[in-house]
Amino acid sequence: MKIFNTKQALQQYLLQCRQNGKTIGLVPTMGALHNGHLSLIKQAQQKCDVTVCSIFVNPTQFTNADDLKNYPRPIEADITKLESVNCDILFNPEVTEMYAANEQWHIDLGQLEHLLEGKFRPGHYQGVTQVVYKLFDIVKPDYAFFGQKDYQQYLVIDKMVQLLNLPVKLVMCPIEREADGLAMSSRNIHLTADDHAHALVLSKALAYIKDNFNGSNLSEVTHSAGEMVRNQQGVTLEYLEIADGETLQPATDESAHLVALTAAQVGKTRLIDNMIIR
Ligand code: PAF
């Protein structure tokens with residue numbers, strides 16, 4: 001695997017690839033890689049000739065200084081994992097390589113920015129779009145791969161691609177789960193054994209909605225699933241909502257695309273999860 005820390009060296013190499021007629025797939029990550037990330041790499045490899053994984057803990061998307069400081073950064077283990085799946089390229093820049101001092105960014109993402117995650121992490125999606133725009137500009141990928149686990153993030157990036165008419169196709173890849181149902185996440189590293197057991201209520205509540213929604217009982221199943229989470233010791237629910245899968249506005253029984261999304265504090269760790277209902 002080739003490792004690049006500078007934009008210039010990466011761009012020079014990718015220019016040659018493009019001149020040789022190769023298509024490029026980008027998997028943007030913040031590292032602490034798990035099987036969910038590796039499944040994105042595998043999808044990229046199936047669709048593209050050259051796969052670039054970026055590892056960059058992006059400061060502008062953190063709304064809490066301690067969260068940024070404590071975000072796991074096991075770079076040597078990440079390199080080993082990327083090599084084990086034959087990833088072609090790792091782009092692992094320093095903050096100063098990605099940002100000039102006092103850079104400004106704003107994109108009008110409409111309501112999508114302020115719903116669900118946006119309510120709890122104001123400014124988060126401005127930071128996400130800022131860094132993803134930069135990564136697209138540097139790598140110029142034909143395809144970019146994102147996990148369904150960050151469902152709202154995918155919609156936000158899709159909106160940016162449409163607004164700015166960016167020449168990249170986005171691919172949403174399914175959530176990878178542990179055998180017990182817990183959605184894989186870099187943050188799971190922080191869960192104690194008790195937290196892990198408590199966190200299972202999130203995927204159980206989502207599965208409850210999927211299994212029990214009969215086309216006309218949206219508010220009842222949402223209420224019961226919310227109660228399941230609220231009654232779980234060690235878990236503080238932030239939201240559990242069924243939303244329209246395209247706009248994330250609150251859904252009705254009639255909405256064509258339904259997704260259930262949740263976020264909760266489990267011990268000291270904030271987790272999110274979602275499930276497509278229809
Ligand atoms: O999903 C993530 O890991 C990050 O939000 C992303 C897309 C790599 C941007 O920093």
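Just follow the structure's listing: the first ligand is 1, and inside any ligand the first atom is 1.
- Using a 4.0 Å cut-off between heavy atoms, Ile157 makes no contact with ligand 1 at all.
- Separation of the Phe56 and Phe91 ring centroids does not fall under the 6.0 Å cut-off.
- Within ligand 1, counting atoms from 1 as listed, the ones closer than 4.0 Å to a heavy atom of Pro28 are 8 (C).
- Under a 4.0 Å criterion applied to the non-hydrogen atoms of Val131, ligand 1 contributes the atoms 9 (C), 10 (O).
- Rounding to the nearest 0.5 angstrom, the gap separating the CE atom in Met184 from the OG atom in Ser39 is 8.5 Å.
- Geometrically, ligand 1 and Gln153 share a nitrogen or oxygen pair separated by less than 3.5 Å.
- Within ligand 1, counting atoms from 1 as listed, the ones closer than 4.0 Å to a heavy atom of Thr29 are 8 (C).
- In this structure, a donor-acceptor pair under 3.5 Å is absent between the side chains of Gln111 and Gln249.
- For the 3.5 Å distance criterion, the side chains of Asn58 and Thr60 qualify, holding a donor opposite an acceptor.
- Taking any N or O of Gln61, backbone or side chain, at least one lies under 3.5 Å from an N or O belonging to ligand 1.
- With respect to the salt-bridge test (charged N to carboxylate O, under 4.0 angstrom), the residues Glu117 and Arg270 qualify.
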